[in-house]
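To start, the structure itself, in structure tokens.
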Amino acid sequence: MKGAGLVELRGDVVPDDAARAQRPAGADGFGWDWLKSPNRSLQFDRPQRIWESAAVPGRARPYVVATFNLKGGVGKTTTTAALAEILSAEFGKRVLLIDLDPQRNLTTMMVGEIRAAELDSTDHTLAAVFTDALSGRRPRDAADLVQHQVSPMQSVTTVDLLASSPKLIALQDGMSRLTELDPTTVLASALTGVMSTYDYVLIDCPPNLGPITQNGLRIADGYLIPTIPDVMSTYSIPPLQSHLRHLSSAWSTPITELGVVITKYKRSSAVHQRTLETLRENPTLPRLFPTRIPESNQIAAAAEFTDFGTLRQKYGQGGQFLALRELTADFLATTRIKLAWGR
């Protein structure tokens, strides 16, 4: 927004020497006289993302977030689905879901078992992208695979999906054979024409660090770790952090820790209380989101592909939905702050 006394901040890419040349020199040598200029604009470097064919100054980009834990059964997929549906229905955001887990639970939640099987049989899943690469072909444009306006909930109208397939299990074993293409960039090469139309892209990763997972992490700006607050679910967080820092360095791409989301929380559990205290006291661990998602039969039942009427009825009227909505609001604020470098 421009006007008298206002300063516009933009994310254009400008080399250091060019920026110095554009900046009016002030009497103090620092150049604060630019505030008197009719073109009051600060310019910052805006890194090109791997999925972009070119960085376009002034064009918004989505926040790309992977949900990941090396332990299965921690509520990762349900948390991802809830974030997407609440971002859409409650906050008006356009969301793309990318299901990289061969179990395709997220796909089934969004389109149902029958439609998921149809997509698989007609090669309209992400398995087609990886099959192309392994066959020596250019990975197809993922825009042809996007399923629009998924979710059985009528109130959710702006969530799209790139579906998963059990075929990814076998395809992952062959990824190491790729020689013409970096095995971790297959997905990125297929997404060039897709990502910029969304506000958020949420990637549901399988509980391993294989090449399919690395394709998701390669395009991610940051990651969430949903976890049950017990020893078995949290023990892998430190090695996961370490490995993601290693990948980030190897790829020369920041992958920001957004935080840990506590799921299936039992207030009465002494184990859960002790684990929470351990997580809070360890300064090397990611931030804990303050909202804890309670263990709930209603949240578990939300995986069923049916229109529950309202999101409150779907996820639970006993405070479960309110906890998920509060988490989503915190997630919105966290991404805007921690991932501002990529906008």
Side-chain angles (χ1 to χ4, degrees), residues 48-56 59-68 77 80-81 84 88 93-111 115-151 158-172 174-175 178 180-206 210-221 251 253 342:
Q48 182 175 337
R49 304 300 283 154
I50 188 172
W51 50 266
E52 288 184 303
S53 57
V56 180
R59 186 177 70 185
R61 292 188 294 196
Y63 298 102
V64 186
V65 178
T67 53
F68 188 42
T77 297
T80 305
S88 171
K93 302 300 181 183
R94 300 163 298 172
V95 184
L96 174 65
L97 290 170
I98 300 179
D99 189 359
L100 288 180
D101 195 330
Q103 296 182 80
R104 75 176 182 197
N105 290 334
L106 181 61
T107 297
T108 302
M109 284 184 68
M110 292 293 110
V111 301
R115 181 58 178 159
E118 289 175 350
L119 293 174
D120 201 16
S121 64
T122 58
D123 290 330
H124 280 79
T125 73
L126 285 170
V129 170
F130 294 99
T131 298
D132 286 344
L134 288 170
S135 301
R137 300 187 296 268
R138 179 182 176 83
R140 69 192 64 186
D141 189 345
D144 297 331
L145 304 175
V146 173
Q147 305 304 305
H148 297 281
Q149 295 185 7
V150 297
S151 171
T158 56
V159 176
D160 295 346
L161 170 73
L162 283 169
S164 184
S165 164
K167 297 172 186 174
L168 290 176
I169 298 173
L171 291 169
Q172 177 157 263
M175 294 291 287
L178 284 177
E180 299 298 321
L181 185 67
D182 182 337
T184 68
T185 65
V186 173
L187 181 60
S189 65
L191 291 172
T192 299
V194 175
M195 304 278 275
S196 61
T197 60
Y198 297 97
D199 301 308
Y200 281 84
V201 176
L202 305 182
I203 310 164
D204 190 27
C205 295
I212 298 293
T213 301
Q214 290 189 37
N215 269 265
L217 295 172
R218 189 75 190 262
I219 66 171
D221 300 323
W251 295 333
T253 303

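Just so it is clear, the model here is predicted, and its values are computed rather than measured.
Within the 4.5 Å cutoff, side-chain heavy atoms of Leu161 are placed close to those of Thr107. In this structure, the side chains of Ile219 and Met195 come closer than 4.5 Å at one or more pairs of heavy atoms. Asp120 is listed as a side-chain neighbour of Arg104, based on a closest heavy-atom distance under 4.5 Å. By the 4.5 Å heavy-atom criterion applied to side chains, Gln103 and Pro206 are not counted as neighbours. In this structure, Ile203 and Leu217 have side chains that are not in contact, with every pair of non-hydrogen atoms separated by 4.5 Å or more. At a threshold of 4.5 Å between non-hydrogen side-chain atoms, the residues Val186 and Leu178 count as touching. The closest side-chain heavy-atom distance from Leu162 to Leu191 is below 4.5 Å. Residues Leu97 and Asp204 are not in side-chain contact: their nearest non-hydrogen atoms beyond the backbone lie 4.5 Å or more apart.
Note on Arg61 versus Asp221: no salt bridge recorded, every NZ/NE/NH1/NH2 to OD/OE distance being 4.0 Å or above.
One finds the NZ atom of Lys167 at 6.0 Å from the OG1 atom of Thr125 (value rounded to the nearest 0.5 Å). The distance from atom CG of Asn215 to atom CG of Leu187, rounded to the nearest 0.5 Å, is 5.5 Å. From Thr184, atom OG1 reaches atom CD of Gln214 across 6.5 Å, with rounding to the nearest 0.5 Å. The line from CH2 of Trp51 to CZ of Arg218 is 14.5 Å long, rounded to the nearest 0.5 Å. Within the model, atoms CG of Leu168 and OG1 of Thr131 stand 8.0 Å from one another, a figure rounded to the nearest 0.5 Å. Once rounded to the nearest 0.5 Å, the distance linking CG of Leu100 with OG of Ser165 reads 12.0 Å.
With sequence neighbours excluded, no residue satisfies salt bridge (charged side-chain N to carboxylate O under 4.0 Å, His left out) with Asp144.
Val194 and Ala143 make their closest contact through CG2-N, 3.3 Å (heavy atoms, listed as atom of the first residue, atom of the second, distance). Listed here is the closest heavy atom pair of Met110 and Ala81: CE-CB, 3.8 Å. Considering every non-hydrogen atom in both Ala116 and Val111, the closest pair reads N-CG2, 3.9 Å. Here the closest heavy-atom approach between residue Ala128 and residue Asp123 is recorded as CB-O, 3.6 Å. Nearest heavy atom pair, residue Arg115 against residue Gln147, reads NH2-OE1, 3.2 Å. When all heavy atoms of Asp132 and Arg140 are compared, the closest pair comes out as OD2-NE, 2.7 Å.
In this structure a side-chain-to-backbone donor-acceptor pair under 3.5 Å is present from Asp160 to Gln149. With hydrogens and angles ignored, the 3.5 Å screen pairs a side-chain donor or acceptor of Arg94 with a backbone N or O of Thr197. Checking side-chain atoms of Arg138 against main-chain N and O of Ala190 turns up no donor-acceptor pair under 3.5 Å.
The closest side-chain donor-acceptor pair between Ser164 and Asp101, if any, does not fall under 3.5 angstrom.
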Query raised in the report: Does the side chain to side chain contact (heavy atoms under 4.5 Å, CB included) test come out yes or no for Leu202 and Thr67, once each step is laid out?
Result: CA-CA 7 Å; Leu202 305 182; Thr67 53; 5.8 Å; no
